[in-house]
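Excluded from the calculations below are hydrogen atoms, water molecules and symmetry mates; all remaining heavy atoms, backbone and side chain alike, are included.
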Amino acid sequence: MVLELVYLLGANLFLGTELGPRWLHPASGKWSVDWQSGYSWLPGLIHLTQAEVRWDLRRSSGSVTVDHAHVYLVLPSLWRRHVRFSWMDLAGADVSVEIETHDDEPPGSRGSPGWRTTLGGMQVEGLRSLNLSPFSWRGEGRLDGDVSFQGRGPLRVDLSHLSMVGEDDGHRLAERLLVRELRFGPHEFRAGTVSEGLRTLDGFIDLSMQASEMVYLPYYLSRYDWLDLRGEGRLQALLHLRQGEVLAGSELTFEGPELSVQYFDFSVRGEGTLAAETVATGGVEITAALEEFDVGLGEQGGVVRGPRLEVNLRSRSAAIYEPVEDLTIEVDLPNRGRAGRIPLRLVHPPRVCVHPAVR
């Protein structure tokens with residue numbers, strides 16, 4: 001790798017240098033850069049067409065393909081093991097990134113932090129696809145910002161704008177993603193440090209998309225392994241974050257053909273909507289409303305059936321960096337033909353207040 005970067009430095013000392021295709025391929029195979037054609041007409045100033053970058057590192061893997069790339073590489077930084085781009089103009093891009101947030105290295109075995117990479121002054125026009133596992137969007141978008149990371153060191157993300165608008169197929173709303181002034185880190189991912197990293201998250205996120213799971217809720221409710229909310233459908237969210245806290249006015253809705261609520265051995269399934277919002281006091285209220293529901297016990301279904309059921313959850317915390325510790329649960333069942341409320345007795349652990357009722 002060092003020899004290849006030295007060659008890059010030498011090639012850039014001459015004006016009009018042509019860079020042949022398939023040039024940078026370190027023997028380690030951890031990352032590669034391919035392109036169809038390219039040239040450099042000033043030291044550090046590089047233009048590439050049909051370029052692709054792939055990497056497979058300990059904490060992340062992915063690829064970026066672009067039709068045209070016009071970048072400035074700060075050459076003196078290479079001697080300090082720092083691949084630094086001061087600005088990058090990219091056109092026609094596909095981005096796919098997967099981050100591994102757990103590290104099982106024993107203490108004292110981490111070795112050198114490795115090369116540092118800075119992608120500064122990024123301006124990406126014509127963003128065709130964006131895959132941030134487990135989310136993905138396709139359409140037409142734009143990205144402006146800076147990213148800095150190290151093989152065994154911290155990650156920092158500072159995005160001033162990220163947008164992606166998908167096509168409307170006539171049957172549902174267009175896919176949409178809008179991110180403004182999003183900042184994360186610097187944070188080094190190691191075992192048990194995910195919550196510390198989320199404390200650095202600031203920004204504004206507005207999205208609408210098809211989702212195969214409720215990604216955040218399992219983490220938010222992870223202290224209660226006897227309670228689980230799942231579903232597949234359309235996710236819409238408007239989130240304002242400050243130092244890992246969801247601010248008042250933020251909201252999220254999830255609507256799908258099947259939602260499920262698991263409570264110990266009881267399971268409730270049905271078509272419905274899940275809505276979550278922050279309140280002025282800083283807490284979160286979550287309501288799961290199921291139509292034509294079916295309550296099962298263990299492997300047995302059809303224990304209770306009806307036209308509508310509501311499960312309401314309330315907590316005093318709106319922090320995304322740690323699972324909720326205090327929770328109030330209410331189960332509301334319609335009871336046709338009877339007046340008043342009939343209480344249901346449900347066993348629950350201490351520190352959780354459950355208020356089920358039948359109407």
### Task
Take V66 and L48 through the test side chain to side chain contact (heavy atoms under 4.5 Å, CB included) and record every step on the way to the result.
CA-CA 9 Å; V66 296; L48 302 174; over 6 Å; no
### Task
Check step by step if side chain to side chain contact (heavy atoms under 4.5 Å, CB included) holds for I286 and L252.
CA-CA 9 Å; I286 303 174; L252 177 148; over 6 Å; no
### Stepwise side chain to side chain contact (heavy atoms under 4.5 Å, CB included) check, D89 with Q123
CA-CA 5 Å; D89 261 336; Q123 292 186 331; 3.2 Å; yes
### Message
Walk me through whether E277 and S250 qualify under side chain to side chain contact (heavy atoms under 4.5 Å, CB included).
### Response
CA-CA 6 Å; E277 63 178 354; S250 300; over 6 Å; no
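The nearest pair of heavy atoms linking R128 to G92 is NH2-O, 3.4 Å. E245 approaches Y321 most closely through the heavy-atom pair OE2-OH, 3.0 Å. Taking every heavy atom of both residues into account, L259 and F254 meet most closely at CD2-CD2, 3.7 Å. Contact between T65 and E52 at its shortest, heavy atoms only, is CG2-CG, 3.4 Å. Shortest non-hydrogen contact noted between L290 and G270 is CD2-N, 3.4 Å. Of all heavy-atom pairs spanning D144 and V124, the tightest one is OD1-N, 4.2 Å.
Within the 4.5 Å cutoff, the side chain of R176 has no heavy atoms near those of the W137 side chain. In this structure, R156 and D146 have side chains that are in contact, with non-hydrogen atoms separated by less than 4.5 Å. Looking only at side-chain heavy atoms (C-beta outward), E330 and R314 come within less than 4.5 Å of each other. Contact of the V284 side chain with the V246 side chain is not registered, since no non-hydrogen atoms from C-beta on lie closer than 4.5 Å. Looking at V64 and D94, their side chains never come closer than 4.5 Å, going by heavy atoms from C-beta outward. Within the 4.5 Å cutoff, the side chain of L201 has heavy atoms near those of the I320 side chain. Side-chain contact check for E285 versus N312: every heavy-atom pair is 4.5 Å or farther apart. A 4.5 Å side-chain heavy-atom check between R223 and V324 finds every atom pair outside the cut-off.
A distance of 5.0 Å separates CG in L78 from CG in L73, rounded to the nearest 0.5 Å. Atom OG of residue S129 and atom CD of residue E140 lie 11.0 Å apart, to the nearest 0.5 angstrom. The distance from atom CZ of R316 to atom CG of L327, rounded to the nearest 0.5 Å, is 10.5 Å. In this structure, CD1 in I205 is found 13.0 Å from CD in E181, a value given to the nearest 0.5 Å. Distance CD1/I46 to NE2/H70: 10.5 Å, rounded to 0.5 Å. Rounded to the nearest 0.5 Å, atoms CG (D202) and NE2 (H240) are 8.0 Å apart.
By the 30° and 60° cut-offs, the orientation of the rings of H68 relative to H47 is parallel.
One hydrophobic cluster, built from ILVMFWY side chains closer than 4.5 Å, cannot hold both L132 and L178; they sit in different ones. Under the 4.5 Å side-chain heavy-atom criterion for grouping Ile, Leu, Val, Met, Phe, Trp and Tyr, M209 is not connected to F204 through any hydrophobic cluster. Clustering ILVMFWY residues whenever any of their side-chain heavy atoms sit less than 4.5 angstrom apart, transitively, puts L238 in a cluster other than the one holding M164.
Tested against V147 for a side-chain contact (heavy atoms from CB on, under 4.5 Å), the candidates D158, T118, L155 yield a single pass: L155.
With sequence neighbours excluded, the residues that form a salt bridge (Lys or Arg N to Asp or Glu O under 4.0 Å) with R269 are E258.
Side-chain contact, R199 with Q243: no donor N or O sits under 3.5 Å from an acceptor N or O. S315 and D326 share no side-chain donor-acceptor pair at under 3.5 Å. In the model, S63 has no side-chain atom that pairs as donor or acceptor with a side-chain atom of S96 under 3.5 Å.
Judged purely by atom type and a 3.5 angstrom limit, D67 has no side-chain atom pairing as donor or acceptor with the backbone of Q50. When atom types are taken as modelled, the side chain of T273 and the backbone of A289 share no donor-acceptor pair closer than 3.5 angstrom. In terms of modelled atom types and a separation under 3.5 Å, the side chain of T278 and the main chain of L247 share a donor-acceptor contact.
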